[in-house]
Peer 1: 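Before anything else, here's the structure in question.
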Number of protein chains: 2
Amino acid sequence: MTQVKNTFQFEDMLKKHHLKKTAPRLRVLSMMYSKTTATSQPDLENVMHDIDRVTLYRILNIFEEKGIIHKVFDLNGTANYAVCSSGCQENHHHDEHLHFNCTRCKNVYCINDLYLPGLTLPEGFKAESFTLYANGICPKCEKKPHH
Amino acid sequence: MTQVKNTFQFEDMLKKHHLKKTAPRLRVLSMMYSKTTATSQPDLENVMHDIDRVTLYRILNIFEEKGIIHKVFDLNGTANYAVCSSGCQENHHHDEHLHFNCTRCKNVYCINDLYLPGLTLPEGFKAESFTLYANGICPKCEKKPHH
DNA sequence: TGCTAAATGAAATATTGTTGCATTTGTGAT
DNA sequence: ATCACAAATGCAACAATATTTCATTTAGCA
Ligand SMILES: [Mn+2]
Ligand SMILES: [Mn+2]
Ligand SMILES: [Zn+2]
Ligand SMILES: [Zn+2]
């Protein structure tokens, strides 16, 4: 689902959202678009030692505000971020897809190509959005021999 | 859904799970069974000032292990705990129901009486469990006037 | 009643989230 | 190309939460 993008496209993305083109932001975009799974702040820190923790924190926040990425919680409740497929606007996300948590490799996958059936809530509850989580084994882990 | 229970029943629950009957555990059970929404660790701390934070932390952990309560994450990613309806065993939960996050009062509701339709995942993904989250306004907040 | 493993409380450490502020830097206007 | 200024970064500091260690207390049982 994640489409390959080059540096020029990342620069365009930043400009479109009125964000200054900076090295940390381009590197975060590049990393997140290159992965098929969600990325946690620790993931970013482990790769980008030279970028301050707080800078990463703020980049993730502003990207989420702008509708570039969305937040997912993994099995441990730590925040992971994944690129938004499309149609997400500033402060108005449309990421109602399945999030698959692999219990073995701990990776979080966004599963966009899955039909989410309409649901009827009990009387009185007014739902604005839904998120579906699944826990299990991802294809990569399924192929590997068990520990 | 939450059934009313008395102290004797809480004592039985602890005995059944080979847990010693202690005051902190009984109070946590009592509080969690009295609520219709999930309880966070800060919630417990605010009520039970005299019980150590770490004790609460350990009680929640052992109760979850034993299948007495299950963990839900709220909108901020903080862990909330709710009593398991039934059928949950040690290290083997069956809590595949809807979790409703109210964006106004921040309460988390377990919605058990909702049919979760079967879903077919993409090739290779083996799901073991599902959790559905909904965000919106709960019945209580809907009735109250807006701030 | 006393023994013992389990549970608690207190302290200490690790991780994560968050804010304030001084400094640097990207960008649009000159 | 240079300038001015808002935006972005880095650093320090603080808050909240998660987790471990260990001495002390206590529940359950012989
Ligand atoms: Mn997603
Ligand atoms: Mn629940
Ligand atoms: Zn995996
Ligand atoms: Zn509410």
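Order of the sequence lines sets the chain letters (A, B, ...), proteins ahead of strands, with each chain counted from 1.
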Peer 1: From dA27(D), dG17(C), dA10(C), pick the nucleotide closest to the side chain of K20(B)?
Peer 2: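 My answer, after comparing the listed nucleotides, is dA27(D).
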Peer 1: Between K16(B) (NZ) and dG28(D) (P), how many Å, whole number?
Peer 2: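 After rounding, the reported distance stands at 17 Å.
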Peer 1: Give a yes or no on whether a donor-acceptor pair under 3.5 Å exists between the nucleobase atoms of dG9(C), that is its base, and the side chain of R58(B).
Peer 2: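 Result: at least one qualifying N/O pair found.
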Peer 1: Compare all side-chain heavy atoms of H99(A) with those of H70(A) and state whether any distance is below 4.5 angstrom.
Peer 2: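 In contact.
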Peer 1: If you pin D50(A) and V54(B) to their nearest nucleotides in DNA chain D, which one's is more 5'?
Peer 2: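 Its nearest nucleotide lies further toward 5', so the answer is D50(A).
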Peer 1: Answer yes or no: does a side-chain N or O of R25(A) lie under 4.0 Å from OP1 or OP2 of dA8(D)?
Peer 2: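 Yes, because at least one side-chain N or O of R25(A) sits under 4.0 Å from OP1 or OP2 of dA8(D).
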Peer 1: Given 3.5 Å as the limit, does a donor-acceptor pair link the side chain of E11(B) with the main chain of N6(B), or not?
Peer 2: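 Judged by distance alone, no pair lies under 3.5 Å.
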Peer 1: Is any side-chain N or O of T22(B) closer than 4.0 Å to OP1 or OP2 of dT26(D)?
Peer 2: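 No.
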Peer 1: Can you tell me the distance, in whole Å, between the CG atom of D74(B) and the C1' atom of dG17(C)?
Peer 2: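 In whole Å, dG17(C) C1' lies 14 Å from D74(B) CG.
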Peer 1: What is the separation between atom CG on N61(A) and atom C1' on dA7(D), rounded to the nearest whole Å?
Peer 2: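 Taking atom C1' of dA7(D) as the reference, CG of N61(A) is at 16 Å.
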Peer 1: Can you check whether K20(B) reaches L14(B) side chain to side chain, under 4.5 Å on heavy atoms?
Peer 2: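 K20(B) vs L14(B): side chains apart.
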Peer 1: Is any NZ, NE, NH1 or NH2 atom of the basic residue among D50(A) and R27(A) found under 4.0 Å from an Asp or Glu carboxylate oxygen of the other?
Peer 2: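 Salt bridge flag = yes for R27(A) with D50(A).
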Peer 1: Take the protein atom CG of N46(A) and the nucleotide atom P of dT15(C), then report the distance between them rounded to whole Å.
Peer 2: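 One finds 11 Å between P of dT15(C) and CG of N46(A), rounded.
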Peer 1: Take the protein atom CG of D52(B) and the nucleotide atom C1' of dT26(D), then report the distance between them rounded to whole Å.
Peer 2: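 Nearest whole value for this atom pair: 16 Å.
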Peer 1: For D12(B) and dG28(D), give me the distance from atom CG to atom C1', rounded to whole Å.
Peer 2: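 About 16 Å, once rounded to whole Å.
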Peer 1: Establish, with yes or no, whether the OP1 or OP2 oxygen of dA8(D) is under 4.0 angstrom from a side-chain nitrogen or oxygen of T55(A).
Peer 2: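 For dA8(D), neither OP1 nor OP2 has a side-chain N or O of T55(A) closer than 4.0 Å.
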Peer 1: Tell me: CG of L14(A) to C1' of dG28(C), nearest whole Å?
Peer 2: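 Answer to the nearest Å: 17 Å.
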Peer 1: Side-chain N or O of Y57(A) versus OP1/OP2 of dT18(C): is the shortest distance under 4.0 Å?
Peer 2: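 The answer is yes; a side-chain N or O of Y57(A) sits under 4.0 Å from OP1 or OP2.
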Peer 1: Taking the nucleotide of DNA chain C with the closest heavy atom to each, which residue, H18(B) or R53(B), is nearer the 5' end?
Peer 2: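 Closer to the 5' end of DNA chain C: H18(B).
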Peer 1: Return the value, rounded to whole Å, for the distance between atom CG of L60(A) and atom P of dT9(D).
Peer 2: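 So the CG-P distance, L60(A) to dT9(D), works out to 11 Å.
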Peer 1: Is the ring centre of Y133(B) less than 6.0 Å from the ring centre of F130(A)?
Peer 2: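 Between F130(A) and Y133(B), which both carry aromatic rings, the centre distance is not below 6.0 Å.
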